[in-house]
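Below is one structure; the comments refer to it alone.
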Amino acid sequence: MSVPRSVALERTLYTLAAPVLAAAPNIAPDSPVNTVVQLAGAAGIGGWVLAAKSDEPGTGRKILRWSPLVLAAAVDVAARHTPGWGPYWLDGLLAAGWAAAGLLVMPFSRHTRRGHRPALAAPAPVAQLQPAVLEPETSVAQPDDGADHFTRQVRWLWESRGLPGRTIVVKATPHPGMRHDLSLLLRASEAGRPISGLTEEAIAAAFEVDVTDVRIEDVARQPGRGGGPGWKEVHVTPDASERRRKAPTAREWWADRIASGPVPGSEFVKEVRDKEREVTHYIARVPDEMGEPRVNLHALAAALKTKYDEGRLFVTIDGSQVLVSLWDSSPLAQVFPATRELLTPDKDGRWVTGYLGNGQPARNRVYTDRGAAHGLFVAPSGGGKTQLMGLHVAADALFGAVVMLATEAPDEKTAALGKHTARYGVGALYMIRLLRAMVALMEIRGEMPWEDGQVHEWDPTRPGCPYRMLSAYLDEFLSAARHGDYGAEIMDLAELVSVKGRKYGVGLKVAGQSIYVQDGFTQLLCENLRENCIPVVLKVAPKKVTDMFRALGIPSEYIPDPLPRSFSAAEEGRIERVMRGEPEPPADSNTGGAGWIVEAKQPEVLRTLFMDFKAGIDGYFPDTVATLTDHEIRELEARDLWFDWTEPPRRGEFGPEPGDDEDGDGDDDAPKKGGGGPRRGGGKTTARRDTVTSPRQALEAIKNLTGV
């Protein structure tokens with residue numbers, strides 16, 4: 001048998017190197033030859049260590065491969081530390097033994113060769129693919145078409161497994177860098193028949209891999225090759241699947257964890273990390289044929305290893321695109337200080353109310369393209385309603401509007417806001433007088449000519465307007481609307497202002513704890529305000545969320561889930577506290593100012609800006625307080641509507657008093673004191689039910705009822 005050239009060459013090198021290995025340490029101990037031998041031995045030891053730690057097969061072969069270098073270094077060290085050539089010429093004997101080991105044991109060149117390609121799916125029998133000399137004769141499964149060696153081996157395996165699905169292998173292609181992965185091009189063993197019985201289970205059994213490692217695809221027709229139902233392409237990827245499970249790419253992770261459930265059918269686009277804001281954005285898209293993206297927020301939170309009620313996860317849908325924002329800590333638990341710059345309206349009348357869950361600024365408006373903007377603020381006690389109202393008051397004042405404020409009950413914050421308004425008062429009586437003045441101003445402004453001499457509807461973008469925008473705030477509106485004497489007229493006047501006020505620069509801002517019709521809030525008023533404002537709803541009780549947004553006209557599919565009771569991270573160690581018998585720490589209720597802003601049909605979660613009342617609020621407001629024009633004040637005075645609204649009810653202000661002499665003590669045409677009946681622009685009146693305290697008052701009341 002002839003000896004391969006590489007083996008003969010290596011044996012020659014062993015023979016020539018042995019004398020040098022013995023002589024160099026004795027003749028020239030400081031020779032570079034010794035240094036080279038020692039470095040080679042160190043490299044060999046490193047190769048041993050790596051081979052021992054490797055999980056791949058062939059460890060013994062790798063150790064044997066590096067042995068000549070390690071043994072040569074050992075001979076060199078021994079020769080340098082023996083006197084002379086050593087006892088009985090030991091140095092020469094060691095070198096000769098080293099050369100003999102290289103000559104008699106399989107040489108180094110043989111250790112580096114592989115007789116065949118590794119198995120397709122170790123430890124599957126496919127590792128024992130037969131050599132070409134043992135391949136069966138030409139058959140249907142083994143056509144003589146000049147296929148490569150790997151394809152022929154796979155054909156033999158496929159045939160030995162019974163031709164799964166009655167198919168034959170046309171071509172087998174190994175995947176680069178993967179020891180066990182390959183792709184198969186299959187066709188039906190019977191020409192003209194479709195492939196119908198081929199399954200992932202049958203293929204997985206043939207290669208002894210998991211079913212999840214097998215994928216079957218259709219084959220399109222190409223020039224020179226058939227296609228259609230009689231052809232299939234199979235991918236067997238155990239290595240890729242293992243890597244995908246252990247270290248998936250972002251695209252693979254999204255496909256396996258997100259697209260398969262929380263956002264079905266979505267395709268990963270990119271991942272963006274915002275280190276400054278501590279948030280990670282995932283952008284994906286859904287094919288157009290699947291329609292609008294569908295998102296299961298609870299399943300998505302679980303896939304992202306968070307909880308839905310932690311307030312860290314927010315989803316934004318834009319057409320077919322989906323933005324998933326995962327914050328390190330809930331942005332709704334943060335405090336966003338209000339500043340004069342954020343509260344100052346821009347050229348479109350927009351200003352920053354707070355920040356959305358995705359980090360975007362949430363903006364409101366002082367006016368819209370329809371005219372002056374109304375306002376609707378809903379929040380229970382302690383929900384941040386007065387804070388929110390303060391932001392709006394400041395924005396209107398910075399815009400240059402005339403601001404008036406009426407509240408049903410006084411408190412510290414509304415009193416502080418009242419110092420920066422043209423008028424501020426408390427009680428249902430004050431509120432009804434403010435509404436009467438607003439209705440009258442609509443009539444007055446409708447007759448005020450602009451600089452061009454014409455009368456126009458209010459438009460802040462058109463020059464020459466003779467009056468300022470008026471923004472009136474009614475706090476605890478529903479409580480005032482249920483007042484026994486003034487409630488009915490308050491509601492009627494509010495409806496009237498909500499319908500027509502925008503055209504005359506009159507904006508109505510209503511704040512309360514409810515907008516339910518059953519609580520006294522009429523559907524007409526709710527619809528008018530909703531259409532001409534951007535409502536803000538804060539901290540609504542979970543059981544009221546659905547009814548609240550349904551009352552605002554939000555479609556059922558866009559009604560949001562309730563907010564969590566707290567945005568702070570849950571306290572850990574509860575099990576230890578239970579075992580020690582310790583109480584739970586107090587809950588951190590930090591949801592004040594958190595809620596929804598309803599600019600479109602879909603409410604968006606937001607956290608409003610924080611106006612620090614304790615530190616003083618003067619810096620949020622302009623230096624001067626805007627007021628009505630002299631003409632407007634004169635017209636209101638002529639209607640007996642401009643006076644100190646904190647006064648007790650004037651005689652005749654709300655209809656004839658019980659003590660009035662209806663027969664008239666003088667001229668029947670003489671005006672009654674106090675202006676008599678309903679004021680111009682005062683709208684519908686409601687008679688006051690005064691208490692009868694004297695016989696004369698009782699007699700006058702009987703006369704009024706009987707007409708005597």
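Quantities reported herein were computed from a predicted structural model and do not represent experimental measurements.
Here Asp475 does not pair with Lys509 in a salt bridge; the nearest charged N to carboxylate O distance is not below 4.0 Å. Under the 4.0 Å criterion applied to side-chain N and carboxylate O atoms, Glu457 and Lys500 are not assigned as salt-bridge partners. Salt-bridge annotation for Lys544 and Asp547: absent, with no side-chain N of the basic residue lying under 4.0 Å from a carboxylate O of the acidic one. Salt-bridge formation is not detected for the pair Glu599/Arg363: no Lys NZ or Arg NE/NH1/NH2 atom is positioned less than 4.0 Å from an Asp or Glu carboxylate oxygen.
Taking the side chain as every heavy atom from C-beta outward, Glu451 and Pro463 never approach each other to under 4.5 Å. At least one side-chain heavy atom of Tyr620 sits under 4.5 Å from a side-chain heavy atom of Met611. Within the 4.5 Å cutoff, no side-chain heavy atoms of Val506 are placed close to those of Met469. Taking 4.5 Å as the limit, every side-chain heavy atom of Leu609 sits out of range of all side-chain heavy atoms of Gln387. Arg436 places a side-chain heavy atom less than 4.5 Å from the side chain of Leu493. Within the 4.5 Å cutoff, the side chain of Val545 has no heavy atoms near those of the Val537 side chain. Counting heavy atoms from C-beta outward, Arg445 and Leu470 have side chains that approach closer than 4.5 Å. At a threshold of 4.5 Å between non-hydrogen side-chain atoms, the residues Glu443 and Arg639 count as touching.
When only modelled atom types and interatomic distance are considered, Asp396 and Tyr473 share a side-chain donor-acceptor pair under 3.5 Å. Thr629 and Glu632 share a side-chain donor-acceptor pair at under 3.5 Å. A donor atom on one side chain and an acceptor atom on the other are not found under 3.5 Å apart for Thr407 and Glu476. Between the side chains of His374 and Arg502, no donor-acceptor pair is found at a separation under 3.5 Å. Under 3.5 Å, the side chains of Thr306 and Arg312 contain a donor-acceptor pair of N or O atoms.
Checked options Val279, Leu313, Asp274, Leu356; the residue passing with Ser325 is Val279 (criterion: side chain to side chain contact (heavy atoms under 4.5 Å, CB included)).
Take Glu637 and apply the side-chain hydrogen bond (donor to acceptor under 3.5 Å, both in side chains) test, not counting sequence neighbours, and it matches no residue.
Remark: Arg277 CZ is packed, more than 12 non-hydrogen atoms of other residues, nucleotides or ligands lying under 6.0 Å away. More than 12 heavy atoms of other shown residues, nucleotides or ligands fall within 6.0 angstrom of atom CD in Glu557. More than 12 heavy atoms of other residues, nucleotides or ligands sit less than 6.0 Å from atom CG of Asp346.
Taking OG from Ser329 and CD from Gln334, the interatomic distance works out to 5.5 Å, rounded to the nearest 0.5 Å. Atoms CG and CD, from Leu429 and Glu408 in turn, are 12.0 Å apart once rounded to the nearest 0.5 Å.
For Tyr467 and His631, the gap between ring centers reaches or exceeds 6.0 Å. For Tyr504 and Trp458, the gap between ring centers reaches or exceeds 6.0 Å. The aromatic ring centres of Tyr486 and Phe654 sit less than 6.0 Å apart. Aromatic rings from Trp351 and Phe399 are positioned such that their centres are separated by 6.0 Å or more.
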